[in-house]
Amino acid sequence: MAFFIRWLWKYLNYLIIFFTPLLILPLPLIIPSLESRCGYVIILMALFWCTECIPLAITALLPVILFPMMGIMESSEVCIQYLKDSNMLFIGGLLVAIAVEHWNLHKRIALRVLLLIGVKPALLMMGFMVTTAFLSMWISNTASTAMMLPITSAVLQQLSDTEAQAEVREMDLVTSKAGPEGLENQAFEMDDTTEDRASKEEQKYLNLSKGLSLSVCYASSIGGTATLTGTTPNLILKGQVDELFPGNGDIINFASWFGFSFPNMVLMLATSWLWLQFMYLGFKYSEKSSGCVANKDGDTEAYQVMKEEYKKLGSMSFAEVSVLVLFVLLVLLWFTREPGFMPGWGSVLFNKDKPYVTDGTVAIFMSTLFFIIPSQMPRCWKANVDGPPPALLNWDVVHEKMPWNIILLLGGGFALARGSETSGLSLWLGQSLAPLQSIPPFAISILLCMLVAAFTECFSNTATTTLFLPVLASMATAMKLHPLYVMLPCTICASLAFMLPVATPPNAIAFSYGNLKVIDMAKAGFILNIFGVLTINIALHTWGMAMFDLHTFPDWANVTTTP
């Protein structure tokens, strides 16, 4: 029996791949309609995504095979869904992030912020969280976590070593004052307390280490929600809204997303800091007992560790300055294209009758400059035997660091949304969910947010948003709710993966350092999930209502689809 169970577990993925399509095959056979065929494809992909029996990106390609074979969509129409404007925005944003990482600009920014904040425990945690969240707004959550955790470990190790040296000096001082007569009695007393003191110190630094590790991985997930390119679910929402409601007037762009999500990110970050401070440091945590009180010059050992790391980077090179200038210019162009409260340069120069220029256009234009601008200052008067200097980016670096699988995942989601609309499945789902109109909208929003937050703990946040958003859009139109009223908070909740190491790569990286247990992450993450759902709904029902007119049902959402 044990051998059979081991064999079953070993070949489980193959069994899922083979038997899952057969088990759900009666659905399109018993109900021969386009809606049931599309439902078959969505259920099959959902099960494959949840079990990860084959790579997520390969599952995302199934509509290319199944939609034409089942007569839902033509192959040319399916394939065109895999490279839309949202994909171009994602690619452009990633190219900028790759350039920032390639020239170590993110590490310079991180260390500079930490040096400004200092090394007191509460402020140290805040500094790591603010820095990680800021970096995650622009580069991948995984990269920001992987960069910040080694800095955390180095600072903690130096704090521990410094306090140990201080205790040795204190014991030497006590011994010298005791004199020959009291030396023997003093030795007995010191032996009695040494073991207890060592145990307390070890536990104190273990708690501090746990708190800082969790603060980094949580801040990376929270920071990614602040910008449209910060994490994949945000772009999936934009793509789905543009696909399902083509007349929405570019309601989701970089500026509008930032205006809603950045204050919410700050609120979630502050809440997370307070909770981790309470769990692992305590509000009565003594700076004196922490061993990291800075003197007037800020000249502590831990401070010196970060200072030395910053010195190793040297002065800013021409390449770093160029990347920083292009990055700032990109953000400014994103913000001013369609700021909302006034005409932007996009509508004045290009988009007078049609939306010719989008955020994706800006992202690709600015990222193209990284392959043109040289990485060294050109010197015409000085001959270079090695030829001209290389550009800021080259394709080998991009090919190595670009997550191409995410592009396919985005495309798969857009194909599912288009297939649901074409087959009439979206209309059927909307009519089926119409009885939910009797439930207050705020209760629906909270319940859906909790459902998505629980789902994303076990499954990919990309797969979660891809599966949920078309259903939420259908439900909103059936209930005459603004689609963003349910789609927007659930998209952000898909990033609230705080409870399990497998929930998201930042959690797994923090867990791999060995100072965390699953129960530590589960206890801290469960409360943070609740806080996250509450803060997102507070944002939704305050400034979100004013920004997007969520109390109305817009004309562009009144879409009737016929099979």
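Count residues from 1 along the sequence.
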* Asked: With a 3.5 Å cut-off and no angle check, do the side chains of Ser256 and Asn253 form a donor-acceptor pair?
  -> yes
* Asked: Is the closest side-chain heavy-atom distance between Met126 and Leu269 below 4.5 Å?
  -> no
* Can you list the steps and then say if Thr465 with Thr491 is a side-chain hydrogen bond (donor to acceptor under 3.5 Å, both in side chains)? -> CA-CA 6 Å; Thr465 46; Thr491 298; over 6 Å; no
* Would Ser445 and Asn537 satisfy side-chain hydrogen bond (donor to acceptor under 3.5 Å, both in side chains), going step by step from the backbone distance to the final call? -> CA-CA 7 Å; Ser445 174; Asn537 278 275; 2.6 Å; yes
* Asked: Which is it for Leu448 and Ile444 under the side chain to side chain contact (heavy atoms under 4.5 Å, CB included) test, yes or no, and what are the steps along the way?
  -> CA-CA 6 Å; Leu448 289 174; Ile444 293 176; 3.6 Å; yes
* **Pair listing, side-chain hydrogen bond (donor to acceptor under 3.5 Å, both in side chains) test, anchored in residues 61-72, at least two apart** => none
* Taking it one step at a time, do Phe245 and Ile251 satisfy side chain to side chain contact (heavy atoms under 4.5 Å, CB included)? -> CA-CA 10 Å; Phe245 310 105; Ile251 190 171; over 6 Å; no
* Asked: Is the Phe258 ring parallel, tilted or perpendicular to the Phe335 ring (thresholds 30°, 60°)?
  -> perpendicular
* For Asn13 and Glu52, test the side chains for any donor-to-acceptor distance below 3.5 angstrom and give the result as yes or no. => no
* Just how far is it from atom CH2 of Trp138 to atom CD1 of Ile109, taken to the nearest 0.5 Å? -> 10.5 Å
* **Partners meeting side-chain hydrogen bond (donor to acceptor under 3.5 Å, both in side chains) with Ser75 (sequence neighbours left out)** => none
* How are the rings of Trp275 and Phe531 set relative to one another: parallel (under 30°), tilted (30 to 60°) or perpendicular (over 60°)? -> perpendicular
* Asked: Do the side-chain N and O atoms of Ser495 and Ser221 include a donor-acceptor pair separated by under 3.5 angstrom?
  -> no
* Take atom CD1 of Ile80 as the centre, draw a 6.0 Å sphere, and report whether it contains more than 12 heavy atoms from other residues, nucleotides or ligands. => no
* Decide side chain to side chain contact (heavy atoms under 4.5 Å, CB included) for Ile536 and Met268; before the verdict, give the C-alpha distance in whole Å, the side-chain angles of both, and the deciding distance to 0.1 Å. => CA-CA 8 Å; Ile536 290 168; Met268 289 176 60; 4.2 Å; yes
* Any chance the rings of Phe498 and Phe526 have centres within less than 6.0 Å? -> no
* **Trp49 and Thr59: side chain donor to acceptor below 3.5 Å** => no
* Asked: Can you tell me how far CE of Met125 sits from OG of Ser213, rounded to the nearest 0.5 angstrom?
  -> 9.5 Å
* To do: Flag yes if more than 12 heavy atoms outside Trp428 fall under 6.0 Å of its CH2 atom; otherwise flag no.
  => no
* Aromatic ring proximity, centroids under 6.0 angstrom, His541 and Tyr485 -> yes
* Under 3.5 Å, is there a donor-acceptor pair linking the side chains of Thr145 and Ser220? -> yes
* Asked: Within a reach of under 6.0 Å around CE of Met88, are more than 12 heavy atoms found that belong to other residues, nucleotides or ligands?
  -> yes
